[in-house]
Amino acid sequence: MAKPNYSFEKRQREIAKKKKQDEKDARKREAREAAQAAKSGETPERPASE
């Protein structure tokens with residue numbers, strides 16, 4: 001029976017945790033930019049979907 005590779009498993013958990021944190025930061029940044037744009041009376045810069 002093969003030994004489990006704990007280093008690999010730990011690294012995978014760290015990568016998943018970092019990815020989740022990056023996504024959270026991106027959502028926060030987007031919300032902050034939208035709030036700032038709303039405050040200044042502008043709309044967020046997004047292409048119109050037609």
Side-chain angles (χ1 to χ4, degrees):
M1 186 165 163
K3 288 179 17 182
N5 187 347
Y6 294 112
S7 298
F8 176 77
E9 293 173 9
K10 181 178 179 184
R11 181 67 181 142
Q12 294 303 305
R13 285 193 306 272
E14 290 172 353
I15 290 170
K17 184 176 179 181
K18 177 148 178 51
K19 182 178 179 183
K20 186 175 180 180
Q21 186 66 39
D22 289 344
E23 290 171 354
K24 184 178 179 182
D25 290 343
R27 284 195 305 272
K28 281 183 164 183
R29 184 173 51 250
E30 184 176 309
R32 201 168 35 243
E33 289 172 354
Q36 187 179 20
K39 184 178 179 183
S40 66
E42 299 175 3
T43 57
E45 294 179 18
R46 293 193 180 209
S49 58
E50 294 179 17

Run the numbers on Asp22 and Lys18 for salt bridge (Lys or Arg N to Asp or Glu O under 4.0 Å), then give the verdict. CA-CA 6 Å; Asp22 289 344; Lys18 177 148 178 51; 3.6 Å; yes
Could you walk me through whether Gln36 and Arg32 pass side chain to side chain contact (heavy atoms under 4.5 Å, CB included), step by step? CA-CA 6 Å; Gln36 187 179 20; Arg32 201 168 35 243; over 6 Å; no
Please evaluate residues Arg13 and Glu9 with respect to the criterion side chain to side chain contact (heavy atoms under 4.5 Å, CB included), reporting the C-alpha separation (whole Å), side-chain torsions for both, the decisive distance (0.1 Å), and the verdict. CA-CA 6 Å; Arg13 285 193 306 272; Glu9 293 173 9; 3.9 Å; yes
Run the side chain to side chain contact (heavy atoms under 4.5 Å, CB included) check on Lys17 and Glu14 step by step: do they pass? CA-CA 5 Å; Lys17 184 176 179 181; Glu14 290 172 353; 5.6 Å; no
For the CG atom of Asn5 and the CD atom of Gln12, what is their distance to the nearest 0.5 Å? 10.0 Å
Presence of salt bridge, Glu23 and Lys20, under 4.0 angstrom: no
